[in-house]
Amino acid sequence: MMKAQEIMTKDVVTIRGTATVAEAVKLMKEKGLRALVVDRRTEVDPYGMVTETDIVYKVAAYGKDPQKMRVYEIITKPCIVVNPELGVEYVARLFANTRIRRAPVIKGGLIGVISISDILQKSDFVEKPKSNFELYCDENPGALEARIYED
Amino acid sequence: MVTETDIVYKVAAYGEDPKQMRVYEIMTKPCIVVPPDLGVEYVARLFANTRIRRAPVIQGGLMGVISISDILKKSDFVEKPKRIYIED
């Protein structure tokens with residue numbers, strides 16, 4: 001199974017929570033990104049994210065002025081984060097169960113972002129689909145069903 | 001419509017074989033459609049209220065697709081925020 005770190009996007013752009021939404025939009029346009037990771041204020045502060053969905057749903061949809069709104073007003077924080085060693089199928093399962101499309105990849109610090117586009121475009125789930133049974137066996141190598149018998 | 005989200009949530013997340021599954025098994029149909037003359041602020045409001053990110057633009061036939069990326073990158077909501085008066 002491929003791992004999150006093999007398909008994640010490593011060029012991550014961060015923004016301060018106190019920046020204006022207009023600044024976030026400008027940065028996203030310049031870098032061609034659909035989400036930004038929000039800087040942590042301290043080492044123990046959780047990670048946050050701001051996505052194009054947050055901006056369209058919470059700012060554009062209500063005709064609010066992006067120059068007057070701050071990123072911290074619309075971010076998701078704390079956000080769900082992914083371990084770089086997590087298998088891609090499990091990332092997909094986590095995303096489906098929590099209805100998210102993107103998450104920072106964290107180990108020590110921020111090392112990337114993984115999205116449903118990365119899963120669709122870079123993972124091998126089309127060539128090598130994993131069945132539920134195989135996922136179960138990977139997860140529980142000691143289970144009776146997971147044993148391989150040779151005759 | 002069928003989106004990346006449909007494919008990842010319903011196929012990749014369950015280790016289903018994409019070669020054995022058909023698009024009709026995972027698509028959203030009927031889907032919400034947008035007329036070409038709807039204001040972009042109303043498109044944003046419709047998307048927010050229905051939690052969608054993309055819709056076909058239809059008049060007579062299929063003319064295009066509009067997404068939250070189009071709204072963010074091409075519309076003038078940053079320069080000219082328009083308060084819309086749906087509630088008033």
Side-chain angles (χ1 to χ4, degrees), chain A residues 1 20-26 28-30 32-34 51-69 87-101 115-121 123-136 138, chain B residues 1-23 25-26 28 32 34 38-55 65-88:
Chain A
M1 199 189 303
T20 64
V21 172
E23 289 171 312
V25 173
K26 184 164 171 278
M28 287 161 91
K29 282 186 186 173
E30 277 171 13
L33 294 170
R34 298 164 84 171
T51 67
E52 49 180 18
T53 304
D54 294 320
I55 298 173
V56 171
Y57 282 10
K58 299 171 194 168
V59 184
Y62 293 91
K64 293 195 177 157
D65 187 349
Q67 330 257 9
K68 293 190 180 139
M69 283 192 80
V88 169
E89 286 80 3
Y90 284 113
V91 178
R93 183 80 64 97
L94 173 73
F95 282 16
N97 288 343
T98 55
R99 312 296 297 175
I100 61 170
R101 288 168 181 77
S115 72
I116 50 164
S117 305
D118 295 321
I119 298 174
L120 197 82
Q121 282 154 26
S123 91
D124 59 356
F125 79 96
V126 174
E127 296 75 31
K128 293 185 200 158
K130 278 254 174 178
S131 68
N132 274 332
F133 179 65
E134 288 170 299
L135 286 171
Y136 172 77
D138 283 349
Chain B
M1 286 202 106
V2 61
T3 67
E4 314 183 294
T5 303
D6 294 319
I7 298 172
V8 170
Y9 282 11
K10 299 171 193 168
V11 183
Y14 293 92
E16 304 275 3
D17 186 350
K19 291 189 273 311
Q20 310 281 329
M21 282 190 85
R22 302 287 166 173
V23 169
E25 297 178 71
I26 61 166
T28 301
I32 291 166
V34 169
L38 187 65
V40 169
E41 289 73 16
Y42 282 109
V43 177
R45 182 75 66 100
L46 174 72
F47 282 16
N49 287 343
T50 55
R51 313 294 297 175
I52 61 170
R53 285 167 185 78
R54 200 176 301 272
V65 169
I66 184 164
S67 72
I68 50 165
S69 304
D70 296 322
I71 299 175
L72 196 83
K73 307 227 160 94
K74 302 178 205 162
S75 90
D76 59 356
F77 80 99
V78 175
E79 297 76 29
K80 294 184 203 155
K82 291 179 204 78
R83 164 118 164 69
I84 47 181
Y85 298 96
I86 295 177
E87 306 89 340
D88 305 345

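Lettering of chains follows the sequences in order, A, B, ..., and the numbering in each one begins at 1.
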(message) Are the side chains of A:Tyr57 and B:Asn49 in contact, using a 4.5 Å heavy-atom criterion?
(response)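 Side-chain contact under 4.5 Å: no.
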
(request) Check side chain to side chain contact (heavy atoms under 4.5 Å, CB included) between A:Leu94 and all other residues, then give those that pass, not counting sequence neighbours. (result)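 With sequence neighbours excluded, A:Leu94 shows a side chain to side chain contact (heavy atoms under 4.5 Å, CB included) to A:Ile80, A:Val82, A:Thr98, given in chain and number order.
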
(request) Go through B:Arg51, B:Lys19, B:Lys10, B:Lys80 and name the one with the most non-hydrogen pairs under 4.5 angstrom from chain A. (result)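 Among the listed options, the one with the most contacts to chain A is B:Arg51.
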
Between [atom1] of [X] and [atom2] of [Y], what distance do you get to the nearest 0.5 Å?
X	Y	atom1	atom2	result
B:Phe47	A:Thr53	CZ	OG1	10.5 Å
A:Glu52	B:Arg53	CD	CZ	9.0 Å
B:Lys73	A:Arg34	NZ	CZ	7.0 Å

(request) Work out which heavy atom in B:Gly15 is nearest to a heavy atom in A:Pro129; give both atom names and the distance. (result)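 That closest heavy-atom pairing would be O-CB, 3.8 Å.
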
(message) Applying the side-chain contact (heavy atoms from CB on, under 4.5 Å) criterion to A:Val56, which one of B:Ile68, B:Asp70, B:Val40 satisfies it?
(response)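 Going through the options one by one, the only one that passes is B:Ile68.
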
Does any backbone or side-chain atom of [X] lie under 4.5 Å from a heavy atom of chain B? Answer side chain, backbone, both or neither.
X	value
A:Val126	both
A:Gln67	side chain
A:Lys29	both
A:Gln121	side chain

(request) Specify which of A:Ile100, A:Val21, A:Val88 makes the most heavy-atom pairs with chain B at under 4.5 Å. (result)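 Heavy-atom pairs under 4.5 Å are most numerous for A:Ile100.
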
(request) Go through A:Ala92, A:Gly32, A:Ala22 and name the one with the most non-hydrogen pairs under 4.5 angstrom from chain B. (result)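 The option with the most such pairs is A:Ala92.
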
(request) Mind checking side chain to side chain donor-acceptor pair (under 3.5 Å) for A:Lys26 and listing every partner two or more places apart, or none if nothing turns up? (result)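 With neighbours one apart ignored, the set is A:Glu30.
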
